[in-house]
Amino acid sequence: MCLFCKIIHREIPSNTVKEDEAFFAFHDINPKAPVHVLVIPKTHYDSFNDIPAELMGKMGIFMQDVAKDLGIDQSGYRIISNIGEDGGQEVKHLHFHIVGGAKLHWGHFADADPKDFF
Ligand code: AMP
Ligand code: ZN
């Protein structure tokens, strides 16, 4: 069982934010912003590549609710999913990072030159 499946099954403790029959939201252990929450489906998918469209639609609504519960829906926030090797995905269970609570920089991309990648 993967790390995040163990969190869903409470074999590893987490700081839970919200849960329903299909999704689980919990605080990231190493926050990169004042608010940094991870949202995962309870069914294991390795990455965003694999989630069915219908479940993704429901996950979008769940994430909107999480942002409201966290009080960042009006101030703004960012949703990120790292996918695979180039995306820098460390945990191979689909997850979305919801980050906010402060003005976020667009550091890696804002002043990037595409040539730097080749
Ligand atoms: P990623 O690099 O997109 O795969 O992100 C994995 C995220 O999981 C990182 O931000 C980690 O800080 C976070 N993480 C790893 N282990 C735990 C844990 N036990 N509880 C909460 N967050 C975790
Ligand atoms: Zn899993």
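Whatever order the structure lists ligands and atoms in, that order sets their numbers, starting from 1.
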| field | H93: its N/O/S atom lying closest to the Zn ion (ligand 2) (atom name) | value |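 For H93, the N, O or S atom at the smallest distance from the Zn ion (ligand 2) is ND1.
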Among the N, O or S atoms of H44, which one sits nearest to the Zn ion (ligand 2)?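 Of the nitrogen, oxygen and sulfur atoms in H44, the Zn ion (ligand 2) lies nearest to ND1.
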Contacting atoms of ligand 1, where contact means under 4.0 angstrom from a heavy atom of [X]:
X   : value
G88 : 2 (O)
N82 : 1 (P), 2 (O), 3 (O)
F26 : 21 (C), 22 (N)
N30 : 12 (O)
F4  : 8 (O)
L38 : 8 (O), 13 (C), 22 (N)

Exercise for the section: Please say whether more than 12 non-hydrogen atoms of neighbouring residues, nucleotides or ligands are located less than 6.0 Å from CZ in F48. Expected result: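 Result for CZ/F48: open.
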Is the number of heavy atoms from other residues, nucleotides or ligands within 6.0 Å of CG (D86) greater than 12?
no
Examine [X] against ligand 1 and note whether any of their N/O atoms are separated by less than 3.5 Å.
X   : value
H36 : no
I29 : yes
D28 : yes

With rounding to the nearest 0.5 angstrom, report the [atom1] to [atom2] distance, [X] to [Y].
X   : Y   : atom1 : atom2 : result
M56 : F96 : CE    : CZ    : 3.5 Å
H95 : N82 : NE2   : CG    : 6.0 Å
L94 : N49 : CG    : CG    : 9.5 Å
H93 : M1  : NE2   : CE    : 11.0 Å

(request) Could you establish whether H95 and ligand 1 come within less than 4.0 Å of each other, counting only heavy atoms on the residue side? (result) yes
With a cutoff of 4.0 Å, is H27 in contact with ligand 1, counting heavy atoms of the residue only? yes
Check: Does any N or O in the side chain of E11 come within less than 3.5 Å of the main-chain N or O of K6, such that one atom is a donor and the other an acceptor?
Finding: no
Are K18 and D69 within salt-bridge range, i.e. N to O under 4.0 Å?
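D69 and K18: salt-bridged.
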What residue and atom, counting heavy atoms only, is the protein's closest point to atom 16 (N) of ligand 1, and at what distance?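 Going atom by atom, the protein heavy atom closest to atom 16 (N) of ligand 1 ends up being L3 CD2, 3.5 Å.
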min-distance protein heavy atom vs atom 4 (O) of ligand 1 -> E90 N, 2.7 Å
Before we go on, tell me: are the rings of F4 and F26 under 6.0 Å apart, centre to centre?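 Yes, they do, as the ring centres are separated by less than 6.0 Å.
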Query raised in the report: Is it the case that H36 and H97 place a side-chain donor and acceptor less than 3.5 Å from each other?
Result: yes
